[in-house]
Amino acid sequence: MVDDALAARARSLDEEHHDTDLRGRFRLPAGTTYLDGNSLGALPVGVAEAVADAVTRQWGNDLIASWNTADWWGASARVGDRIGALVGSAPGQVLVADSTSVNLFKVVVAAARMRPGRDILLTDGDSFPTDVHIAEGAARVAGLVVERVSPADAPARIAELGDRMALAAYSSVDYRTGELWDLPAITRAAHDVGALVCWDLCHSAGAMEVGLDGHDADFAVGCGYKYLNGGPGAPAFIHVAAQHISSFDQPLTGWNGHAEPFAMSPDYAPAPTIERARVGTPPVLGVLALEAALKAFDGVGMAGVRRRRSLALTGFFLECVDALVPGIVVASPRDDARRGSQVSLRHPHAYAVVQALIARRVIGDFREPDIIRLGFAPLYLTHADVLRAAEHLREVLGTREFARPEFSVRGAVT
Ligand SMILES: *Cc1c(COP(=O)(O)O)cnc(C)c1O
């Protein structure tokens, strides 16, 4: 009965949102419900062909000429602009480069130099570990002190710290619980005391509107391989607001960020544009794969992606969980305004539950200490997928299938 009602509801939601269903732009294996697009996005149609062309024609045939003829040199800024359009950053402010970790390092040191005499870097101690590690490491280099404060308490703490505040560095969505933090409020609080703010968009870029320019965000960093679907180890991105580019004095002064890289000068002079965020030679194949992957977003408005897919899918999953797995602890906010594009559940045997789900081809992931993390990539999942996942979860828990010994064996990557 419950199942029939939910199946009918899934069908009606899929019909209602049919025009925003972009599953056809992805190559997903049959029989798989992929709920890990927040860790590694699925493969978009056209990427394999674009990479094959880059390898065989551009590299194999045209060789080094492709730096000019295929504009390999300009790809970092060109693809940056495409990502900028998805996160509300006007052209000329986003560059594809390096990893999120490295880009965060650049921002912290540059921000410290832009706010001399201020000593506090405020960040979330419960953030993704690399964000905290890099904050600590970069702060040591830049002479800042890291203070760890939850995003919920950040605006008040920023006001207290006043002109000691140099930079607030936060994630817009919590990687564990999927909580959407208050980007506008933290940004305003930082600006009210003359401080700068950096947003980590790893769990929001490609899943929702971010509105970097609209909220006057100074800096942002984020991954290419999560909701942007750029592929394993895809290069990351960095946003520097236009008014800060000329004072963005980042520490990794590699030759690619030079104003005239091919003048081969021994003296460093940063490029006047966002290209000053470059360091060394970019991973061209990775940048081109990311560029091809971003075509999945062609003609797509992020407001619709957020409302008609991300929130519809996660909201329906919560409905299914309430009906089929009552009593399980939901770690993600139920309030749409506070939820990213994932639903996390808590369970004492979370690791084994995730493994049992994977064996049933419902792929999510586990996060310490007890989180079953299910990401709902908005472009390629349907409400039918959502229901299927909840039904498998009910069976895995109801039969205690997760207690089978093979589900407790840990791989190198969880
Ligand atoms: C995925 C993720 C990262 C990953 O950083 P890399 O440098 O790509 O390894 C960093 N921060 C957050 C918040 C993430 O979710």
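For reference, positions follow the sequence shown, starting with 1.
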Extract all donor-acceptor atom pairs below 3.5 Å that involve side chains of residues 180-188 and protein atoms in other chains or at least two apart in sequence.
{"from": "D182", "atom 1": "OD1", "to": "A185", "atom 2": "N", "distance (Å)": "3.1"}
{"from": "T187", "atom 1": "OG1", "to": "L183", "atom 2": "O", "distance (Å)": "2.6"}
{"from": "T187", "atom 1": "OG1", "to": "W199", "atom 2": "NE1", "distance (Å)": "3.0"}

Interatomic distance, H383 atom NE2 to S12 atom OG [nearest 0.5 angstrom]: 9.0 Å
Heavy atoms of A135 and T123 approach each other most closely as CB-CG2, 4.2 Å
Determine, for R23 against D385, whether the closest basic-nitrogen to carboxylate-oxygen distance falls under 4.0 angstrom. yes
Correct closest heavy-atom pair for I358 and I363 would be CG1-CA, 4.2 Å
If you look only at pairs with a residue in residues 223-239, which of them pass as a side-chain hydrogen bond (donor to acceptor under 3.5 Å, both in side chains), with sequence neighbours excluded? S89-H239
If I take atom CG from residue D218 and atom CG from residue D216, how far apart are they, to the nearest 0.5 angstrom? 6.5 Å
Give me the atom names and distance for the closest heavy-atom approach of T100 to A236. N-CB, 3.2 Å
In terms of side-chain geometry, is the basic nitrogen of R306 or E209 positioned less than 4.0 Å from the acidic oxygen of its partner? no
Partners passing salt bridge (Lys or Arg N to Asp or Glu O under 4.0 Å) against E401 (at least two apart in sequence or in another chain): R360
When you measure from the side chain of R118 to the backbone N and O of L167, does any donor-acceptor pair fall under 3.5 Å? no
Taking E179 first and then R339, would you say they form a salt bridge - that is, a charged N and a carboxylate O separated by under 4.0 Å? no
Hey, are D124 and R148 close enough for a salt bridge, meaning a charged N less than 4.0 Å from a carboxylate O? no
Taking the basic N atoms (NZ, or NE/NH1/NH2) and the acidic carboxylate oxygens, is any pair closer than 4.0 Å for R157 and E147? yes
Looking at W73, is R278 sitting on its ring face, NZ or CZ under 6.0 Å from the six-membered ring centre and within 45 degrees of the normal? yes
For the student: nearest non-hydrogen atoms of Y34 and A42, plus distance: CE2-N, 4.2 Å
Keeping the roles fixed (side chain from D36, backbone from L374), state whether a donor-acceptor pair exists under 3.5 Å. no
Which heavy-atom pair separates D131 from S171 by the least distance, and what is that distance? OD2-OG, 4.1 Å
Which side-chain hydrogen bond (donor to acceptor under 3.5 Å, both in side chains) pairs, counting each pair once, include a residue from residues 279-290, with sequence neighbours left out? none
Applying salt bridge (Lys or Arg N to Asp or Glu O under 4.0 Å) to R394 and not counting sequence neighbours gives D3
Could R400 and E395 be called an ion pair, given the rule that one side-chain N must be under 4.0 Å from one carboxylate O? no
R9 side chain to D4 backbone, donor-acceptor under 3.5 Å: no
Counting C-beta onward and ignoring hydrogens, is there a side-chain heavy-atom pair between V300 and R25 closer than 4.5 Å? yes
Where the side chain of D81 meets the backbone of G92, is there a donor-acceptor pair that is under 3.5 Å apart? yes
For the pair Y175 and F128, evaluate ring pair (Phe, Tyr, Trp, His ring centres under 6.0 Å) and give the outcome as yes or no after the intermediate values. CA-CA 6 Å; Y175 81 105; F128 190 88; 5.2 Å; yes
Side-chain donor-acceptor contact under 3.5 Å, S344 with Q342: yes
So, for D213 and A90, which heavy atoms are closest and what is the spacing to 0.1 Å? OD2-N, 2.6 Å
Mark yes or no: R276 above the aromatic ring of F248, with NZ or CZ under 6.0 Å from the six-membered ring centre and no more than 45 degrees from the axis. no
Rounded to the nearest 0.5 Å, how far does CG of L313 lie from NE2 of H17? 8.0 Å
Contacts of type salt bridge (Lys or Arg N to Asp or Glu O under 4.0 Å), residue D62, not counting sequence neighbours: R57
Given F219, which of I238, N103, V107, V108 fulfils the side-chain contact (heavy atoms from CB on, under 4.5 Å) condition? V107
Any donor-acceptor pair under 3.5 Å linking the side-chain atoms of S332 with those of T177? no
Taking atom CD1 of I83 and atom CZ of R78, what is their separation to the nearest 0.5 Å? 12.0 Å
Please report the C-alpha distance between R410 and E368 in whole Å, then the side-chain angles of each, then the deciding distance to 0.1 Å, and finally whether the salt bridge (charged side-chain N to carboxylate O under 4.0 Å, His left out) criterion is met. CA-CA 13 Å; R410 302 233 175 174; E368 293 284 357; 3.4 Å; yes
